[in-house]
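What follows is one structure encoded as structure tokens, with my remarks underneath.
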Protein chains: 2
Amino acid sequence: MKFSQATDNALHVMLYLVMEAPDKPVSVQILAEKLGVSQTYLSKMLTKLVKAGLIHSVSGANGGYRLKRNYEEISFLDVIHAIEGTTSLFECSFNHGRECLIQQVVMDAERQMEQALKAKTIYELAKQMKGV
Amino acid sequence: MKFSQATDNALHVMLYLVMEAPDKPVSVQILAEKLGVSQTYLSKMLTKLVKAGLIHSVSGANGGYRLKRNYEEISFLDVIHAIEGTTSLFECSFNHGRECLIQQVVMDAERQMEQALKAKTIYELAKQMKGV
DNA sequence: GCGTGATTACTCGGATACAAGATGTCCGAGTTTGAGCGG
DNA sequence: CCGCTCAAACTCGGACATCTTGTATCCGAGTAATCACGC
């Protein structure tokens with residue numbers, strides 16, 4: 001159980017967009033270059049971010065990916081859910097009559113983590129970095 | 001990113017041992033039967049639990065697996081770490097000069113979850129279930 | 001009756017196979033911009 | 001100077017290849033308890 005590389009990339013892309021180009025579309029080419037990963041793979045993640053409604057895709061010449069209007073509100077959890085999916089991290093595979101108490105304990109802990117990720121926005125982090 | 005089936009099994013095995021046989025060794029055969037999984041696969045997880053120091057293995061006839069003395073103190077986190085490993089869930093793969101703030105945010109959230117898992121013991125849950 | 005050896009019931013660990021998911025690449029189709037060309 | 005066409009620069013999405021990891025099985029080696037046998 002680990003966060004995937006894709007999540008790592010997605011978070012860095014979002015941070016880059018927020019810091020460097022909150023209003024202009026940026027091509028995959030440039031984003032991939034900045035991160036040092038392949039264009040085609042990065043585009044997979046960007047597609048997921050688009051489907052999750054975090055960014056827009058602008059097709060055609062001078063196109064690329066652009067943040068949506070409400071980019072200040074995008075949290076870490078939003079990005080992570082877009083890439084990793086929103087299903088619970090733990091699912092009991094046994095069907096012992098009552099609800100599984102083990103599952104409840106683990107899911108409670110999971111919610112703790114999600115709450116922390118939800119509280120922190122990309123925008124907040126960007127401001128913090130510019131301040132440095 | 002999900003908790004593995006193995007973790008699910010391990011937690012249930014531990015709960016079973018604490019509830020039903022805190023002092024006697026139980027063979028893999030019986031444990032596997034109770035959970036409805038294969039013996040050979042379950043033994044892999046038990047081996048990990050042994051290496052993590054959570055249980056003992058008793059070889060020979062009438063052998064099996066037995067809890068260690070301090071079984072009241074075993075937390076969910078102990079079991080999960082034994083199976084999943086203790087490495088951090090998130091590692092930034094870019095080496096931008098300074099430390100990665102993204103990583104710090106995610107790791108902070110991770111620690112929140114771990115703290116919740118550390119606070120809950122298997123023994124506590126067993127008492128709770130017997131009370132029902 | 002007592003010791004010795006064989007049998008039995010276990011764990012332990014390595015080798016292996018298989019499936020799923022993450023990672024990574026390639027290419028054809030659609031879309032918009034902008035430049036070039038002809039009237 | 002205006003409008004039309006065409007090429008270029010993009011994204012989009014599917015098909016595919018590869019690698020790692022989780023899941024699962026099998027089997028031989030080692031170990032402890034128990035039973036049988038012989039003295």
Side-chain angles (χ1 to χ4, degrees), chain A residues 1-13 17 21 24-33 35-68 80 82-85 87 89-91 93-94, chain B residues 1-13 17 21 24-33 35-68 80 82-85 87 89-91 93-94:
Chain A
M1 133 120 167
K2 265 174 97 60
F3 285 104
S4 68
Q5 206 84 357
T7 299
D8 189 20
N9 292 337
L11 285 171
H12 279 84
V13 164
L17 286 177
K24 295 179 183 176
V26 182
S27 73
V28 177
Q29 211 175 29
I30 292 177
L31 292 174
E33 205 174 299
L35 294 185
V37 301
S38 89
Q39 297 177 29
T40 48
Y41 188 47
L42 186 62
S43 78
K44 296 265 160 160
M45 297 154 214
L46 290 167
T47 299
K48 284 189 179 178
L49 293 177
V50 169
K51 282 187 179 163
L54 302 185
I55 57 178
H56 258 158
S57 77
V58 181
S59 59
N62 292 329
Y65 292 91
R66 182 172 47 77
L67 289 167
K68 296 195 93 170
I80 291 172
I83 303 293
E84 305 271 347
T87 63
L89 300 186
F90 187 86
E91 274 175 60
S93 59
F94 306 99
Chain B
M1 132 116 167
K2 266 174 97 58
F3 284 104
S4 68
Q5 205 85 357
T7 299
D8 188 20
N9 291 337
L11 285 171
H12 280 84
V13 164
L17 286 176
K24 294 179 183 174
V26 182
S27 73
V28 176
Q29 210 173 31
I30 293 176
L31 292 174
E33 205 173 300
L35 294 186
V37 299
S38 87
Q39 298 177 29
T40 47
Y41 188 47
L42 187 61
S43 77
K44 296 268 159 162
M45 296 153 214
L46 290 166
T47 299
K48 283 189 181 179
L49 293 176
V50 170
K51 282 186 180 167
L54 302 183
I55 57 177
H56 257 158
S57 79
V58 181
S59 61
N62 294 330
Y65 292 91
R66 182 173 46 78
L67 289 168
K68 297 198 90 168
I80 291 173
I83 303 294
E84 305 271 347
T87 62
L89 300 187
F90 186 87
E91 274 177 58
S93 59
F94 305 100

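Numbers restart at 1 for each chain; the letters A, B, ... are given by sequence-line order, proteins then strands. Since we're looking at a predicted model, the values are computed, not measured. The figures that follow rest on heavy atoms only: side chains count, while hydrogens, waters and symmetry mates do not.
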Subject >> First encountered from the 5' end of DNA chain C, between B:Gly63 and A:Gly60 >> reply: B:Gly63
**OP:** Would you mind classifying the nucleic acid contact of B:Ser27 as base, sugar-phosphate or nothing, using non-hydrogen atoms under 4.0 angstrom?
**Re:** sugar-phosphate
Original post:
NZ of A:Lys2 versus C1' of D:dC19: gap in Å, rounded?
Top reply: 17 Å
Subject >> Value in whole Å for how far the P atom of D:dA24 lies from CG of B:Asp8 >> reply: 11 Å
**OP:** Report the distance from atom NZ of B:Lys44 to atom C1' of D:dC27, rounded to the nearest whole Å.
**Re:** 11 Å
Original post:
Ignoring hydrogens and geometry, is there a side-chain-to-backbone donor-acceptor pair from A:Asn9 to A:Met45 under 3.5 Å?
Top reply: no
Original post:
Do any side-chain nitrogens or oxygens of B:Gln29 fall under 4.0 Å of OP1 or OP2 in C:dA9?
Top reply: no
Original post:
Taking only N and O in the side chain of A:Ser38, is any of them less than 4.0 Å away from OP1 or OP2 of C:dT25?
Top reply: yes
Original post:
Quick one: is C:dT32 close enough that its OP1 or OP2 comes under 4.0 Å of any side-chain N or O from A:Asn62?
Top reply: no
Subject >> Out of C:dG13, C:dG24, C:dT11, whichever nucleotide has its closest atom nearest the side chain of A:Tyr41 >> reply: C:dG24
**OP:** Please examine the side chains of B:Phe3 and B:Asp8, heavy atoms only from C-beta on, and report whether any two atoms are closer than 4.5 Å.
**Re:** no
Original post:
Among D:dA9, D:dT23, C:dT11, which nucleotide sits nearest the side chain of A:Ala61?
Top reply: D:dA9
Subject >> Closest listed nucleotide, where the reference is the side chain of B:Val28 and the choices are C:dT11, C:dT31, D:dA33 >> reply: C:dT11
Original post:
Whole-Å distance between D:dT23 P and B:Leu35 CG?
Top reply: 14 Å
Subject >> Closest listed nucleotide, where the reference is the side chain of B:Ser4 and the choices are D:dG22, C:dG13, C:dA15 >> reply: D:dG22
Original post:
With a 4.0 Å cut-off on heavy atoms, is B:Val50 in touch with a base, just the backbone sugar-phosphate, or nothing at all?
Top reply: nothing
Subject >> Spacing of B:Leu49 atom CG and B:Leu67 atom CG [to the nearest 0.5 Å] >> reply: 10.0 Å
Subject >> Distance in angstrom units between B:Met1 CE and C:dA20 C1', rounded >> reply: 18 Å
Original post:
Any chance CD of B:Gln39 has more than 12 other-residue heavy atoms, nucleotides or ligands included, within less than 6.0 Å?
Top reply: yes
**OP:** Using atom types as modelled and distance alone, determine if a side-chain donor or acceptor of A:Glu84 lies under 3.5 Å from a backbone N or O of A:Ser4.
**Re:** yes
Original post:
Side chain of A:Ser59: nearest nucleotide among C:dG24, C:dT23, C:dT32?
Top reply: C:dT32
**OP:** In whole angstrom, give the distance that lies between atom CD of A:Gln5 and atom P of D:dT21.
**Re:** 12 Å
Original post:
For A:Val37, which contact category applies under a 4.0 Å heavy-atom criterion: base, sugar-phosphate, or nothing?
Top reply: nothing
Subject >> Whole-Å gap separating P (C:dT23) and CD (A:Gln39) >> reply: 19 Å
Original post:
How far does OH of A:Tyr65 sit from NE2 of A:His56, to the nearest 0.5 angstrom?
Top reply: 12.5 Å
**OP:** Check the distance between C:dT11's P and B:Met45's CE and give it to me in whole angstrom.
**Re:** 15 Å
**OP:** Find which nucleotide of DNA chain D each of A:Thr40 and B:Phe3 is nearest to by heavy atoms, and output the residue with the more 5' nucleotide.
**Re:** A:Thr40
